[in-house]
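Here the structure is laid out as structure tokens; the discussion comes afterwards.
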Amino acid sequence: MTHGYSIDMSTDEKYNPKIVEEEAQAFWESEQTFSVTHQSDKEKFYCLAMFPYPSGKLHMGHVRNYTITDVIARYQRMQGKNVLHPMGWDAFGLPAENAAIENHTAPAKWTHENIAYMKSQLKSLGFGIDWSREFATCDPSYYKWEQWFFTKLFDKGLVYKKTSSVNWDPIDETVLANEQVIDGKGWRSGANVEIKEIDQWFIRITDYADQLLNDLDDLEQWPEQVKTMQRNWIGKSVGINIIFDLSQTIREFTHFDVYTTRPDTLMGVTYLTLATQHPIALEIATLNPELAEFIDNCKSQQVSEAEMATMEKLGMDTGVVAIHPLTGDKVPVWVGNYVLMDYGSGAVMAVPGHDQRDYEFAKKYSLPIMQVIQSLNGGGIETAALTEKGVLINSGKYNGLDFDTAFKVISEDLKRSNHGSVATNYRLRDWGVSRQRYWGAPIPIYNLAEGGEIAVPIDRLPVILPTNIKMDGVQSPLKADKSWRKAELNGQFVEHETDTFDTFMESSWYYARFTCSDDHTQMLDPERANYWLPVDQYIGGIEHAILHLLYARFFHKLMRDEGLVKSNEPFKKLLCQGMVLSESYYYQSEGKKIWVSPSKAELHRDKYGKVEKIIDIETGVELTSGGITKMSKSKNNGVDPQLIIDKYGSDTVRLFTMFASPPEQTMEWSDEGVSGAFKFLKKLWRIVHDQIKLSNEDVIDVSILNDQQKYLRRKTHETIKKVSDDFGRRNTFNTAIAAVMELLNEIPKVDTISPQSIAVRGEAISNAILMLNPIVPHICNKLWLTLGNPTSICEIDWPKVDELALLKTSSIIVIQVNGKVRGKIEVSVGSNDDTVKSQALEHENVQKFIAGKKVKKIIIIPNKIVNIVISK
RNA sequence: GCCAGUGUGGUGGAAUUGGUAGACACACGGGAUUCAAAAUCCCGCGCCCUUAAAAGCGUGUCGGUUCGAGUCCGACCACUGGUACCA
């Protein structure tokens, strides 16, 4: 270590984090402090962090996430609750396959090594975790129950197989994840990625769309932004399915459907667009080589929504026309690359006058644009589509109708002629759970020789993933292993399904399994699951706001309907923490940016403390700041938590992480901030050791306290009040820490001689230690004993506010003139408004501003502000 | 593109319900202690004018509501997360 200590301090008075932390951790381990069992007589609190993917070692995001969780868990424990704080591993996934190819090892080996290392790191950070409940999702004893549950869903008809699109790498002959497609090319092969249609398994989440939407209203302790995102994602809309007849029959096709939420614009339809894979489009293409070529070219695109929405929209006239269901007019039918066959009916109606994307498409291909809605401010459609709702024009008998009436009348007319009906639609699509990958839970299905599928019988579960394999990056070892695929059922040959589950399956129910992970006879033990669930506080990254949280909510409802749990929702209170950022630095070399780790950058500041020069300490090269960005490999700006733990100890890392910013915001890493946190812990250590030297036996007698002593007592209890609110309700640990720092800064203002002063100081210090305990538990564990307390701080309750200590006799009131601060006065608490008014008007500086002006009115906010409003 | 956020001193951030903008820290400057340094302690620290006090300006930009706006409303700019196969 590079830090010095006061020379006059004896050995045990030095703050040595290594000794203090090892001692505390050994104590918790030997006492089994954090192992819990369900006790129906005690109030429970289930505190859960999103479990980590075992990628190798902990990163700062993990440290932040698990520190927040641990602080809340320890705080709730001090409230006397039975706190469950478990941990496990989200162990299946793509990175293990990539690492396996790179290192020529099996994904299982890599994963288990990572788990062992990361577990040791979590222990060294002093998190109060009940490790007896630990599991990894790649354990057959875990995914067995997931497979069992899937077969239940299969029996209930909630599971089905259908064709859907994937990114296909034609060189590696493999399916690519969206993140493996870079600029339209496969990341490994560099081949142009194509869209391919394959058969996949789906779970009917859309059957639960209404529940998932409506139950959001019951989640009072979820951030509003997350609920809004989920509502928009589910995207419930009421519209009309409209049938367009073809003017001529194409093979067996006489018509097709489109869905619209704007039937009021139906008279403005000037063309219709089919997906390139629409059966009618494919049929027309057999006789139209030009169209066939267009459709073929459209294959070279990706499946991601962002890509679909931003790519150039291309289309082609099929030459076929459809009949407008209201007017009987002929409407041209186009094929477009921006309509996907997977979603909805694979066809859309285009109203370029009132939809911006249609407008741009119509301009590009010189298609007619019609205005059928009148603008409120009289605007036309010369430069852009008019998307607001309004009164219908150019719509024949519908002219003059507003949106609601037009919707009703037009839908009735369509219904009468059997050309449409009102329909509720969701943006949400069914959950595709098939992955054409190896490192996942095998989907428990037998494919029958004569076609069709059945669920693997319960007595044959789990379908075990072979782990002794080699990966080459081309084909999944599961698909390649012919003997694994073979199976026999009732004397018939059947084949195991070779697709594995989406890893969101495992992360959708792990929180429930933690309540009873030792039960190998059933998926969940109802007694324990219903005692602990729902999770009282769930904590994880905002990046999971939609997918993970929606799938987990869905799974919970599925488990409820299977009779496994009683609650409707899995997570009562949700906290989404922000990302961890750090400064990045680079220099230019041969036109390329070479990124240098922040640990190698030396900052030179001017006399105002502003950075004026950055030097690479290894090469002496001058560096440029690349800004503060998310810690990443590509910018070489990651900070390894282990290095900081080794240098300063876990308490310093925990303190800095909690102090740097409130949990929901992004957190910026700063080496100076870390050493500041360490400095504070040394100060805390010294304050306690100075106090015990004062050797005082007196207890506080409130009747004999002087003003100074009363002030410190009030500060102590104000701080307890604030910190309790910050921990329990607001989850703002940064302001809680700041409040304790303020309290400690007040202590030196009280003398060290009078016994009552020493007692009041002692009260402030003891409470500060208790309040800091959830954040920096190792040092508090030690200092609590140093203060002479006989029992461990783990057994002590959270401090209580003495309301009498909070009473004040006077308060400072700000005087404003026309909203600007012009002075301050001290008034006794309970003064009447007239007294306050006259005192305010007499204030010398205020007089300067109101002299010769007419006072129009005076606004009084009790104990805070007097605002004198004068004419200008 | 679409959905959801964020923007405050040199820096991280505070201001919880529309009521003193900058708490608490970091950095920096000055001082004490020291043979010297580290560590520690004390003082100062939004900008501008100034010996000082007072005034003026100031929460991404422009506009609005209000006695009073960082906070509410409208428009815009920049950045971030998600966008269904990264987890």
Side-chain angles (χ1 to χ4, degrees), chain A residues 2-7 50 52-53 55 90 93-95 166-167 175-181 223-226 228-229 231-233 235 303-311 356-357 428-429 431-432 434-437 502-504 507 541-548 550-551 576 578-579 581 603 605-611 627 629-630 659-662 664-668 670 672-673 675-677 679-680 682-683 686 722 725-726 729-730 732 734-735 737-742 745 748 812-816 818-821 824 845 848 856-859 861 864-865 867-870:
Chain A
T2 55
H3 319 281
Y5 301 101
S6 309
I7 297 154
M50 290 180 188
Y53 181 79
S55 54
D90 189 13
L94 212 43
V166 292
N167 298 310
V175 175
L176 297 179
N178 285 331
E179 73 155 13
Q180 294 176 314
V181 181
E224 210 49 58
Q225 74 179 97
V226 174
T228 306
M229 280 192 266
R231 282 189 192 103
N232 293 336
W233 183 262
V303 293
S304 76
E305 195 208 15
E307 191 57 36
M308 292 289 288
T310 49
M311 71 183 180
Q356 189 57 29
R357 282 169 306 172
L428 179 71
R429 310 191 301 249
W431 181 9
S434 285
R435 296 293 179 269
Q436 297 68 45
R437 305 193 192 289
D502 175 8
T503 56
F504 277 125
S507 56
I542 184 68
E543 66 273 20
H544 297 292
I546 297 173
L547 293 179
H548 162 61
L550 192 68
Y551 290 139
C576 290
M579 291 177 310
L581 314 178
L603 307 183
R605 295 171 189 273
D606 65 13
K607 61 173 179 171
Y608 304 107
K610 208 171 178 176
V611 174
T629 54
K630 185 169 144 181
F659 185 57
S661 58
E664 295 89 345
Q665 278 181 40
T666 55
M667 186 195 94
E668 205 173 303
S670 130
E672 291 88 355
S675 64
K679 242 161 73 179
F680 173 76
K682 282 198 286 184
K683 184 173 158 183
R686 199 174 51 249
K722 171 160 180 58
D725 189 42
D726 283 352
R729 180 182 63 91
R730 295 213 305 155
T732 50
N734 57 329
T735 54
I737 295 164
V740 177
M741 286 174 168
E742 275 187 69
N745 288 343
I812 306 284
I813 292 192
V814 167
I815 314 165
Q816 299 181 332
N818 281 354
K820 291 197 172 180
V821 179
K824 285 170 195 178
N845 197 43
K848 279 191 348 204
K856 281 160 69 177
K857 64 173 153 177
I858 299 177
I859 291 152
I861 309 297
K864 266 188 183 157
I865 274 178
N867 189 10
I868 302 165
V869 186
I870 56 167

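Each chain gets a letter, A, B and so on, in the order its sequence line appears, and its residues count up from 1.
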The side chain of [X] lies closest to which of these nucleotides: [options]?
X      : options             : answer
A:P95  : B:C86, B:A15, B:A21 : B:C86
A:K824 : B:C85, B:U20, B:U80 : B:U20
A:I546 : B:U83, B:A14, B:G82 : B:G82
A:N734 : B:G5, B:G19, B:G13  : B:G13

Phosphate-side-chain proximity, [X] and [N], N/O vs OP1/OP2 below 4.0 Å:
X      : N     : result
A:T503 : B:A87 : yes
A:R686 : B:C41 : yes
A:N178 : B:A84 : yes
A:K679 : B:A39 : no
A:N745 : B:A25 : yes
A:N867 : B:U20 : no

Tell me if the side-chain of [X] makes a donor-acceptor pair with the base of [N], cut-off 3.5 Å, by modelled atom types.
X      : N     : value
A:Q816 : B:C67 : no
A:K683 : B:U40 : no
A:R729 : B:U16 : yes

What interatomic distance, in whole Å, is found between [atom1] of [M] and the corresponding atom of [N]?
N     : M     : atom1 : value
B:G18 : B:C24 : C1'   : 25 Å
B:G9  : B:G46 : P     : 13 Å
B:C57 : B:C48 : C1'   : 7 Å
B:G81 : B:C86 : P     : 15 Å
B:C73 : B:U65 : C1'   : 7 Å

Find the partner of B:A84: check Watson-Crick (N1-N3 plus N6-O4 or O6-N4) and G-U wobble (N1-O2, O6-N3) distances, both under 3.5 Å, and reply none if neither fits.
-> none

Going by a 90° cut-off around 0, is B:G74 syn or anti?
->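 Base orientation: anti.
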
